[in-house]
Amino acid sequence: MTNEQKQTLMRERAAALMKDGAVSYVIGWRETRFPGKTAIFFVRDEKDADMLVWDEYTIPLTAKYLTENRWPDKKIGIFARGCDSKAINRLISDNQVERENLYIIGLPCEGKKDDRCLSCTQRDPLIYDELLWEPENATGTSETDLQRARFFRAEEVESLPTDARFAHWEDVYARCIRCYACRNVCPVCTCRECYVDMHRTGFQGKHHDAAENRVFGVTRAFHVGDRCIECGECERVCPMGLPILGQTQKIIKTIEGLAGTYEAGMDPEADSFLGKFDLDDKDTFM
């Protein structure tokens, strides 16, 4: 099935849902005036469905926008690929959205024209109310089938000598402009008020320098580390092109070293790794 045929199916299904009054709106993608760029689009009318697109550039994550309407009058329709469905699972697990408020239209994904997709482990949706077309391959991708290793970002930095590794992150934090685009787009960064937005004066106030940037970067990494679904939206929107996902994946890789295979967003019933403990946990480090 071609992208054009898939796009037609999406438009027809969104239009039908709006016509039947089954949903308040449908979240998908539309073209922009910039070649090779798409944007999140809210289908609010049956006629709007003709603006939906599906191509190699439908990259932005749809799930984050579910948090904009926590108490919808009707269900929210949303197109979801593997990455979107992992984010939806996390939002459900974090009590940010209610499953009964969603109508999820699953879209098996063939990969997009983006570096992140080379290490994607879950292209097909995990949770949906209907699947719009059949997957071309088996759900999920094994580590050996990935075009790039899952943790290649973290491993590139780990391979550096200690001094070079320190210099790498100092350069990253020095270039951060604290625009918070990474935080705003992240589907698991859902605090109603972020600590960096709290107005304080004196030594508690916010300063813009490398040291403060480091505090923000490291704090955020630990805050979302065990819930990060590795969608890479943080890197996509960063105006400075910083390797944000690599920092978070280092934490995930460490978790795997402690507890075995770990991937957030696979199950809406799963707890966060850093938010629970077991009396039988390993304590050899103590």
Side-chain angles (χ1 to χ4, degrees), residues 59 61 81-87 89-90 109-124 126 137-176 181-183 185-189 210 213-267 270 272-274 281-282 284-285:
I59 296 170
L61 207 72
R81 303 153 297 177
C83 53
D84 301 298
S85 67
K86 287 172 68 178
N89 279 341
R90 275 304 335 166
C109 182
E110 69 285 350
K112 302 300 177 182
K113 203 165 187 177
D114 190 274
D115 186 63
R116 296 172 294 165
C117 296
L118 300 179
S119 56
C120 176
T121 62
Q122 190 64 44
R123 291 187 173 181
D124 299 335
L126 295 157
N137 303 302
T139 298
T141 306
S142 68
E143 189 73 23
T144 56
D145 291 334
L146 298 180
Q147 293 173 273
R148 297 192 73 170
R150 178 185 171 193
F151 298 124
F152 77 88
R153 295 168 180 82
E155 289 166 353
E156 285 178 348
V157 179
E158 286 177 336
S159 65
L160 298 173
T162 303
D163 291 346
R165 199 181 310 165
F166 181 80
H168 167 79
W169 287 115
E170 284 299 282
D171 174 64
V172 168
Y173 295 131
R175 289 188 288 125
C176 174
C182 56
R183 177 201 65 183
V185 79
C186 178
V188 301
C189 228
N213 294 349
R214 189 186 308 116
V215 171
F216 168 70
V218 173
T219 301
R220 183 179 176 278
F222 275 98
H223 182 57
V224 305
D226 63 335
R227 295 181 296 120
C228 173
I229 63 162
E230 303 168 64
C231 63
E233 282 288 270
C234 50
E235 289 190 358
R236 180 182 69 83
V237 301
C238 179
M240 305 306 292
L242 304 182
I244 304 168
L245 180 57
Q247 179 177 247
T248 313
Q249 281 194 322
K250 171 59 178 173
I251 296 176
I252 301 170
K253 187 181 177 186
T254 301
I255 291 174
E256 287 210 338
L258 293 170
T261 302
Y262 183 82
E263 188 169 354
M266 301 299 287
D267 181 359
S272 300
F273 179 83
L274 298 178
D281 282 346
K282 299 175 183 178
T284 54
F285 62 91

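The residues of the chain are indexed from 1 along the displayed sequence. This is a predicted model, so every value here is computed, not measured. Just so you know, these numbers use all the heavy atoms, side chains as well, and skip hydrogens, waters and symmetry mates.
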Report task. Among L61, I244, I59, find the one that has a side-chain contact (heavy atoms from CB on, under 4.5 Å) with R236. Result -> I59

Per-pair distances, 0.1 Å, donor-acceptor, side chain in residues 216-223, under 3.5 Å, sequence neighbours excluded:
{"from": "T219", "atom 1": "OG1", "to": "V215", "atom 2": "O", "distance (Å)": "2.6"}
{"from": "R220", "atom 1": "NH2", "to": "C182", "atom 2": "O", "distance (Å)": "3.4"}

Query raised in the report: Within the distance-only criterion (no hydrogens, no angle test), does the side chain of E233 pair as donor or acceptor with the backbone N or O of C186 below 3.5 angstrom?
Result: no

Report task. Report yes if the side chains of E156 and P243 come closer than 4.5 Å at any heavy-atom pair, otherwise no. Result -> no

Query raised in the report: Could you give all pairs that pass the salt bridge (charged side-chain N to carboxylate O under 4.0 Å, His left out) test and reach residues 161-170, with sequence neighbours left out?
Result: E170-R214

Query raised in the report: Which atoms form the tightest heavy-atom contact between E256 and F151, and what is the distance?
Result: OE1-CE1, 3.7 Å

**Report entry** Nearest atoms (heavy-atom pairs only) where A210 meets Y173
**Finding:** O-CB, 3.9 Å

Report summary line: SG (C83) and CG (D124) are apart, to the nearest 0.5 Å, by 11.0 Å

Query raised in the report: Hey, is the main chain of E110 close enough, under 3.5 Å, to the side chain of R123 for a donor-acceptor pair?
Result: yes

Query - Test log, rule side-chain contact (heavy atoms from CB on, under 4.5 Å), inputs T121 and E230 - result: CA-CA 10 Å; T121 62; E230 303 168 64; over 6 Å; no

Report task. Scan for salt bridge (charged side-chain N to carboxylate O under 4.0 Å, His left out) pairs involving residues 237-255, sequence neighbours excluded, and state none if there are none. Result -> E155-K253, E158-K250, E158-K253

Query raised in the report: Does the E235 side chain pair with the main chain of L245, one donor and one acceptor, at a distance under 3.5 Å?
Result: yes

Query raised in the report: Could you state the interatomic distance from CD (E263) to SG (C228), rounded to the nearest 0.5 Å?
Result: 10.0 Å

Query raised in the report: side-chain contact (heavy atoms from CB on, under 4.5 Å) between D115 and R153: does it pass, once the steps are laid out?
Result: CA-CA 11 Å; D115 186 63; R153 295 168 180 82; 3.9 Å; yes

Query raised in the report: For the residue pair Y262 and F273, what are the closest heavy atoms and their distance?
Result: OH-N, 3.4 Å

Query raised in the report: Should M266 and N89 be marked as a side-chain contact (heavy atoms from CB on, under 4.5 Å) after you check the CA-CA gap, both sets of side-chain angles, and the distance that decides it?
Result: CA-CA 7 Å; M266 301 299 287; N89 279 341; 5.8 Å; no

**Report entry** Atom pair CZ/SG of R90 and C231 - distance to nearest 0.5 Å
**Finding:** 13.0 Å

Query raised in the report: Hey, is the main chain of V188 close enough, under 3.5 Å, to the side chain of R227 for a donor-acceptor pair?
Result: yes

Report task. Would you give the length of the straight line joining atom CG of D84 to atom CG of L126, rounded to the nearest 0.5 angstrom? Result -> 11.0 Å

**Report entry** Verdict with supporting geometry, Q122 and I229, side-chain contact (heavy atoms from CB on, under 4.5 Å)
**Finding:** CA-CA 10 Å; Q122 190 64 44; I229 63 162; over 6 Å; no

Query raised in the report: D226 and I255: which non-hydrogen atoms are nearest, and at how many Å?
Result: CB-CD1, 3.8 Å

